[in-house]
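See structure below.
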Amino acid sequence: GQALDGLRAQGGTALYSGLWSGCSAVSQGVGQRQVIVLSDGAANVGPSQPWDLASAAGGCADKGVTTSAIGLGLGFEAESLSAMVDAGGGSWLYAAEPSELAAVFLEELERSRSSAGRGVTLELRLAPGVELLDVYGYEEWDGRATEGGYQAFLGDIPAGTTRKVVARVRVPSGVSGIEQLASASLSWFDPTSESQLAVSLDLPVSWSWSGSTAERSTVAWTAPHVLDARTGRALQESLALKTAGRVDEADEALALALRSLGYVASAYGEDLGERAAVLEGTRRSYDELAGDELSDFQTRSSLRALGYIE
């Protein structure tokens, strides 16, 4: 309370120095250490680009400090907060009005207290000849290609929750039978003892060039994850086109995605449901809403609502 009483608003948003100050204040503590960034505007003091803020949050993560963020209203800069959260391993939350902040802070604090693993990292190593084409959901600030594979930073994972990493790969021609696709290792820090733990597993896959065999092998519970990932990718690609000023192409990309996803959903016996509404709503926003920030925020909120990004 005394520290807050000494603060004075000066009209600037120094996210970079504010994050480092918070990190320094808690990094020498024990147990769960976290900085929660609250912002209702864009960073305009000191290093302000998304990559600057991601670098700072990543540095905090290296010190054992998690970064979460709360966007307030519609004036905050979504990409910067997303970069901080992705690199910092925390949660991304939203409050429409100041009156909602207490509940949002309590939600995040409860999530932190229930953490089952801190700084969770997935290492994926591909078998010889297997080519990685895409990784959905962990691509920019929290994922990177490695020699022979990929590393995804999953951050802090509360007990009872799941994280999914969806990868698209190309296998050599002529492969059949059961082959090893990849091996994976998961490492994390225990929130209580702070000791580092790890587990490894192999990922065997049965390959077949028969369409009927592929259809019979469909696993029903994967359908929502596949549809969420493909919906998220369509939204991301469309947003990139719109940001580049290619609004017509962005609209066409969403229309194509709707048709493609409809086919996939039918093959799985699923309904597009909310995914179709998100895609259609984003298409309408290109025509009806003014301002890139609002459209950017809505699209990223849709990605998070689908569980495609955190």
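Position 1 is the first residue of the sequence; numbering continues from there.
Contact check for Ser39 versus Leu81: side-chain heavy atoms found under the 4.5 Å cut-off. When side chains are defined from C-beta on, Glu107 counts as touching Leu93, because their heavy atoms get closer than 4.5 Å. A 4.5 Å side-chain heavy-atom check between Leu201 and Ser183 finds every atom pair outside the cut-off. Side-chain contact between Leu19 and Cys60 is present, with at least one heavy-atom pair separated by less than 4.5 Å. Put simply, the side chain of Val165 reaches to within 4.5 Å of the side chain of Leu154, judged on heavy atoms. In this structure, the side chains of Trp141 and Ser82 stay at 4.5 Å or more apart for every pair of heavy atoms.
Evaluation of the side chain to side chain donor-acceptor pair (under 3.5 Å) rule for Ser21 yields no partner, not counting sequence neighbours. Listed by chain and residue number, nothing satisfies the side chain to side chain donor-acceptor pair (under 3.5 Å) test with Thr146 (two or more places apart in sequence, or in another chain). The side chain to side chain donor-acceptor pair (under 3.5 Å) check on Asp142 picks up nothing, with sequence neighbours excluded. Not counting sequence neighbours, the partners of Asp190 by the side chain to side chain donor-acceptor pair (under 3.5 Å) test are Ser193.
Between the side chain of Thr161 and the main chain of Ile157, no donor-acceptor pair closer than 3.5 Å is present. Checking side-chain atoms of Ser68 against main-chain N and O of Gly90 turns up no donor-acceptor pair under 3.5 Å. Between the side chain of Asp52 and the backbone N or O of Gln49 there is at least one donor-acceptor pair closer than 3.5 Å. With Ser238 contributing its side chain and Ala250 its backbone, the two residues share a donor-acceptor pair below 3.5 Å.
For Leu101 against Ala95, the heavy-atom pair with the smallest separation is CD2-CB, 3.8 Å. For the pair Leu53 and Ser80, the tightest heavy-atom approach, listed with the atom from each and the gap, is CD1-CB, 3.4 Å. Closest non-hydrogen pair, Glu131 versus Leu126, comes out as C-CD1, 4.2 Å.
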Indicate every side-chain donor-acceptor pair of residues 114-124 with a distance under 3.5 Å to a residue at least two apart or in another chain.
| unit_1 | atom_1 | unit_2 | atom_2 | d |
| --- | --- | --- | --- | --- |
| Ser114 | OG | Glu110 | O | 3.4 |
| Ser114 | OG | Arg111 | O | 3.0 |
| Ser115 | OG | Gly117 | O | 3.2 |
| Glu123 | OE2 | Gln151 | NE2 | 2.4 |

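Applying the salt bridge (charged side-chain N to carboxylate O under 4.0 Å, His left out) rule to pairs touching residues 28-39 yields Arg33-Glu194, sequence neighbours excluded.
Leu186 and Phe153 are assigned to two separate hydrophobic clusters, defined by single-linkage of ILVMFWY side chains at heavy-atom distances under 4.5 Å. Under a hydrophobic clustering in which Ile, Leu, Val, Met, Phe, Trp and Tyr are joined whenever their side-chain heavy atoms come within less than 4.5 Å, directly or via other members, Phe105 and Leu72 fall into the same cluster.
For the side chain to side chain contact (heavy atoms under 4.5 Å, CB included) criterion with Thr67, the lone passing option out of Val37, Ile36, Asp156, Asp86 is Val37.
Summarising the local packing, CD of Gln28 is surrounded by 12 or fewer heavy atoms from other residues, nucleotides or ligands at distances under 6.0 Å.
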